[in-house]
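This report concerns only the one structure given below.
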Amino acid sequence: MQSDTPFDLSGRVAVVTGGNGGIGRSIALGLAQAGSAVAVLARNEEKNQRVMDELNALGVPALAVRIDVIERGQLQPALQKVEETLGPVNILVNNVGTVALGGILDQDPGDWDRVIETNLNACFLLSKLTAQSMVRQRLGKIINIASEYSLFGSGIAPSYTVLRRELWCN
């Protein structure tokens, strides 16, 4: 594949969580433009199909897996499907995230748990599962996307800003 990017990822397999919209979609398309096979892990099947159309148009192997990253039992089977279809994962982009607004006095414990499960636990678990394969290959990169709120916090989104993801995920 002829690439107009400053680097070549031909022969690599990338997984992008939340890769069917927003920043994740742009990351998935950028990785594909650099020649990487791309797997998108995301919940919305309609958006998954739209990004698959875009990835297929770029001529790289691609896969979209409908998954909710807070459902721990879905993580290993999703990665297994990626590896069976595209090959061993070399790049993991933990991009998916969610937020619950409202100060600490107003935050519902269920909302707190959903944000922590999505933004923290899924990042850790997917990294751990993917790293096992990367160690066997002696090749891999894990990239964790975090909000600037992870640097300075926010009083209106306590569950979103409670941990500085970039410090422990790298």
Side-chain angles (χ1 to χ4, degrees), residues 13-31 38-52 55 62-86 88-136 140-170:
V13 175
V15 170
V16 182
T17 65
N20 65 2
I23 293 169
R25 177 185 155 273
S26 295
I27 292 169
L29 293 173
L31 289 165
V38 176
V40 168
L41 305 184
R43 294 183 303 190
N44 186 303
E45 192 62 45
E46 184 178 319
K47 289 172 66 176
N48 284 353
Q49 187 54 55
R50 282 198 302 263
V51 77
M52 277 298 295
L55 290 167
L63 174 69
V65 180
R66 186 177 183 278
I67 181 176
D68 186 341
V69 297
I70 69 172
E71 298 295 332
R72 293 180 182 199
Q74 294 180 12
L75 301 178
Q76 179 63 40
L79 290 174
Q80 187 172 359
K81 184 173 184 177
V82 171
E83 294 209 340
E84 288 170 358
T85 305
L86 301 176
V89 176
N90 313 112
I91 303 165
L92 170 64
V93 181
N94 283 306
N95 167 73
V96 71
T98 191
V99 65
L101 298 176
I104 191 72
L105 296 175
D106 300 319
Q107 183 109 106
D108 175 85
D111 289 339
W112 173 277
D113 291 343
R114 182 177 47 82
V115 172
I116 297 300
E117 281 292 326
T118 302
N119 298 1
L120 180 62
N121 294 346
C123 177
F124 165 72
L125 293 169
L126 283 167
S127 295
K128 182 178 176 88
L129 291 168
T130 306
Q132 293 168 354
S133 174
M134 291 176 178
V135 167
R136 284 191 300 272
K141 295 289 181 189
I142 297 174
I143 302 162
N144 299 295
I145 307 299
S147 166
E148 61 186 9
Y149 275 132
S150 66
L151 297 174
F152 56 80
S154 167
I156 63 167
S159 55
Y160 188 71
T161 61
V162 69
L163 296 170
R164 295 181 62 161
R165 295 191 324 177
E166 78 285 355
L167 293 178
W168 71 269
C169 286
N170 289 332

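Small disclaimer: the values here were computed from a predicted structure and weren't measured.
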task = Run the numbers on Asn90 and Lys141 for side chain to side chain contact (heavy atoms under 4.5 Å, CB included), then give the verdict.
result = CA-CA 6 Å; Asn90 313 112; Lys141 295 289 181 189; over 6 Å; no
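Counting heavy atoms from C-beta outward, Val16 and Leu31 have side chains that approach closer than 4.5 Å. The shortest side-chain heavy-atom distance between Asn94 and Ile143 does not fall under the 4.5 Å cut-off. Between Thr98 and Asn119 the shortest side-chain heavy-atom distance falls below 4.5 Å.
Shown here for Gly18 and Val96, the closest heavy-atom pair between the two residues is N-CB, 3.8 Å. Between Gly19 and Ala28, the closest heavy-atom pair is O-CB, 4.0 Å. Minimum interatomic distance between Ala62 and Leu86 (heavy atoms only, all atoms of both residues): N-CD2, 4.0 Å. The shortest non-hydrogen separation linking Asn95 to Gly24 is ND2-CA, 3.3 Å. The shortest non-hydrogen separation linking Ala42 to Asn20 is CB-ND2, 3.2 Å.
No donor-acceptor distance shorter than 3.5 angstrom exists from the side chain of Gln74 to the backbone of Val69, with no hydrogens or angles considered. In this structure, Thr17 contributes its side chain and Leu41 its backbone to no donor-acceptor pair below 3.5 Å. Checking side-chain atoms of Ser133 against main-chain N and O of Pro88 turns up no donor-acceptor pair under 3.5 Å. A distance-only check finds a donor-acceptor pair linking the side chain of Arg66 to the backbone of Arg43 [under 3.5 Å].
Taking CG of Leu75 as the reference point, atom CD1 of Ile67 lies at 5.0 Å (rounded to 0.5 Å). Here the CG atom belonging to Asp106 is positioned 11.0 Å from the CG atom belonging to Leu101, to the nearest 0.5 angstrom. Taking CG from Leu125 and CD1 from Ile70, the interatomic distance works out to 12.0 Å, rounded to the nearest 0.5 Å. Taking CG of Leu126 as the reference point, atom CG of Asn121 lies at 11.0 Å (rounded to 0.5 Å). Interatomic distance, Glu45 CD to Met52 CE, rounded to the nearest 0.5 Å: 10.0 Å.
In the displayed structure, Leu129 atom CG is contacted under 6.0 Å by more than 12 heavy atoms of other residues, nucleotides or ligands. Applying the 6.0 Å contact sphere to CZ of Arg114 captures more than 12 heavy atoms from other residues, nucleotides or ligands. Lys47 NZ: more than 12 foreign heavy atoms inside a 6.0 Å radius.
Tested against Val13, the residues Val82, Ile91, Leu92 include a single side-chain contact (heavy atoms from CB on, under 4.5 Å) partner, Val82. The only member of Val38, Asn44, Val40 that meets side-chain contact (heavy atoms from CB on, under 4.5 Å) when paired with Val51 is Val40.
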